[in-house]
2 protein chains.
Amino acid sequence: MTNRSKRSEQTVPCHACPVRKLTRFQPLPESQQAVVQQYRAGQTLLPAKHHLYREGELHGNIYTLFSGWVMLYKTLSNGGRQILRYALPGDFISFQADLQAPMNHSAQTLTECTLCVFPRQNLIQMLQTHPELGLQIAWITARDMTLGQEYLVNIGRKNAKERLAFLFTELFQRMGMHDPKIGNSIPFPMTQEDIADTLGLTLVHVNRTLRNLREEGLINLSHHTLTILDYAQLAELAGFNNDTLATDQPLL
Amino acid sequence: MTNRSKRSEQTVPCHACPVRKLTRFQPLPESQQAVVQQYRAGQTLLPAKHHLYREGELHGNIYTLFSGWVMLYKTLSNGGRQILRYALPGDFISFQADLQAPMNHSAQTLTECTLCVFPRQNLIQMLQTHPELGLQIAWITARDMTLGQEYLVNIGRKNAKERLAFLFTELFQRMGMHDPKIGNSIPFPMTQEDIADTLGLTLVHVNRTLRNLREEGLINLSHHTLTILDYAQLAELAGFNNDTLATDQPLL
DNA sequence: CGATTAATTGATCGTATTCAACTGTGGTGG
DNA sequence: CCACCACAGTTGAATACGATCAATTAATCG
């Protein structure tokens, strides 16, 4: 149990992780979907371990992920890596505050991926012609930011076991496996090193903590498949709260 | 030096922290400023240590901070706290993906603050009438998200000294102190416990690391004033890179 | 099937935590 | 003005969680 400031003045209520509300793919209203179609430049199929773009590069496209997993990360001067989040089908990739500037992070496929490609210029044009889409983007960005904040809490204030538990429940939820039926599995394309770089731990310690979770019968992770054996206990460990029922509605 | 995976395949270039591009208050174009004025419900003066809102509350307002410091944080079930970021003058506060849902974080003033208040309903109306403002919000949100990602890297992949160094340089930059002249000071209203809860450390360890930095002549922090004695070395420690020159331009 | 990458385990070390006590500071009221 | 209190900062000692170093086993892929 690490760094838990138990301040006495404990008036502030805890309302645990609302990742649930971040999980589902929010389809655009039909009217807007048609509009968006006009601006896309087609679809790409990329192999696993392929970089969409790298930190520091000027990059011309924006993407929507149709199938597969993409990981977004940043690199440190000493060779370290911090994974920021995993993009799942439906996610929007490579949007950043300054569309002209070099990318502030890298994106690499973990599996084979199908992506819908929008040239940046098209996006800009689209936003000029259909300004109401700006708000959609604000909504998506705010949702991604909330997930990032959950990650911050996870890394900053939880021990290794709890961090693992959180990552697993988060991905399980985002994959759309809300079923109460226990013992479900999801594909899990990342390596233990990836997990380590997501959670601010080392590869070795991730491995040991995984064994620990396995021995306690909470999960099983092998051959790139994650099986949740005891969701309730895992969510409890993670400080993950399903109560926060989500209205997945967009802003307006 | 903690958790630095030195993977051999070191092809990915490192492009260090572009916080600089996140620092300055991006004023709206004049045309839009006039529009926004119509929807604000006036200004408030709040004392220090006052909560704007708490996690889990339904909250009716959106704010722009005019003067003072506000801290945004999340609470854990075990009593822990993770500070997400410090809002400085010009920052937008309390916008989240689901405007109807309970707040997903808390906001508390660190100093006396002047805020501009927008009732949520007004914001929604404003966005309906002037959809082009949605993109402005997307821009602001994306910028805040980028800062959050820097925090993630900071907590996930750096040791205590580096984390402190980063926080100091970040705030120094965001306060608008880009002057090359060495030895400048900024107000620093947070306690050592706040710093600890920002950086994923404990109060005690922050204290020791501060002493360390002081003894090395990099900073001085006392009486809520931070003095940067050796910016270059501090930025180096933090992995902070000024090269990334910023175009502070909005999207369109 | 051999080569490369990923997972696993052991031993040791160190950074940061924890527990605990003490010092300084600022504010309040007698 | 000083006594008192609450709170922030400081320091010490012991501990622990996770890192580091190193070597071995298991998967995966051409």
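In what follows, every chain begins at residue 1, and chains take the letters A, B, ... in the order their sequences are listed. Below, all heavy atoms of this structure are taken into account, side chains as well, without hydrogens, waters or symmetry copies. Predicted model, so just to flag it, every value in this text is computed and none were measured.
Judged purely by atom type and a 3.5 angstrom limit, A:Lys74 has no side-chain atom pairing as donor or acceptor with the backbone of B:Val153. A donor-acceptor pair under 3.5 Å is formed between the side chain of B:Thr109 and the backbone N or O of B:Pro47. No donor-acceptor distance shorter than 3.5 angstrom exists from the side chain of B:Glu55 to the backbone of B:Met103, with no hydrogens or angles considered.
In the helix from C:dC1-D:dG30 to C:dG30-D:dC1, the rotation axis of the first five pairs and that of the last five pairs differ in direction by 50°, rounded to 10 degrees.
Residues of residues 203-213 of chain A that place a heavy atom closer than 4.0 Å to DNA chain C, in numerical order, are A:Leu203, A:Val204, A:Asn207, A:Arg208, A:Arg211.
The closest side-chain heavy-atom distance from A:Asp144 to A:Phe95 is not below 4.5 Å.
Side-chain atoms of B:Gln173 and B:Tyr231 include a donor-acceptor pair closer than 3.5 Å. In this model, no donor atom of one side chain and acceptor atom of the other lie less than 3.5 Å apart for A:Ser185 and A:Thr225. B:Tyr86 and B:Thr198 share a side-chain donor-acceptor pair at under 3.5 Å. Neither side chain, B:Thr44 nor B:Tyr63, offers a donor N or O lying under 3.5 Å from an acceptor on the other.
Residues passing the ring-ring contact (aromatic ring centres under 6.0 Å, His included) test with B:Tyr151, sequence neighbours excluded: none. Among residues two or more places apart in sequence or in another chain, the ring-ring contact (aromatic ring centres under 6.0 Å, His included) test is passed with A:Tyr53 by A:His59, A:His105.
As rounded to whole Å, 14 Å separates atom C1' of C:dA16 from atom CD1 of B:Ile155. Whole-Å rounding puts the B:Leu226 CG to D:dG9 P distance at 13 Å. Remark: C1' of C:dT9 and CD of A:Glu215 are 12 Å apart, rounded to the nearest angstrom. A straight line from CG of A:Asp197 to P of D:dG18 spans 16 Å, rounded to a whole angstrom. Distance B:Leu199 CG to C:dT17 C1': 16 Å, rounded to the nearest Å. Taking atom CG on B:Leu201 and atom C1' on D:dC17, their separation rounds to 14 Å, with Å as the unit. Between the CD atom of B:Gln192 and the P atom of D:dT11 there is a distance of 10 Å, given to the nearest Å. Taking atom CZ on B:Phe188 and atom C1' on D:dG9, their separation rounds to 14 Å, with Å as the unit.
For B:Lys158 and C:dT15, the shortest distance from a side-chain N or O to OP1 or OP2 is not below 4.0 Å.
Heavy atoms of B:Lys161 sit nowhere under 4.0 angstrom from any nucleic acid atom.
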*Report, as a single string ordered 5' to 3', how protein heavy atoms within less than 4.0 Å touch nucleotides 23-28 of chain D: B base, S sugar-phosphate only, - not at all.*
----SS

Quick one: side chains of residues 207-216 of chain A, donor-acceptor pairs under 3.5 Å with protein atoms, not counting sequence neighbours, listed by atom name and distance.
{"residue": "A:Asn207", "atom": "ND2", "partner": "A:Gln192", "partner atom": "OE1", "Å": "2.9"}
{"residue": "A:Thr209", "atom": "OG1", "partner": "A:His205", "partner atom": "O", "Å": "2.7"}
{"residue": "A:Glu216", "atom": "OE1", "partner": "A:Lys161", "partner atom": "NZ", "Å": "3.4"}
{"residue": "A:Glu216", "atom": "OE2", "partner": "A:Lys161", "partner atom": "NZ", "Å": "2.7"}

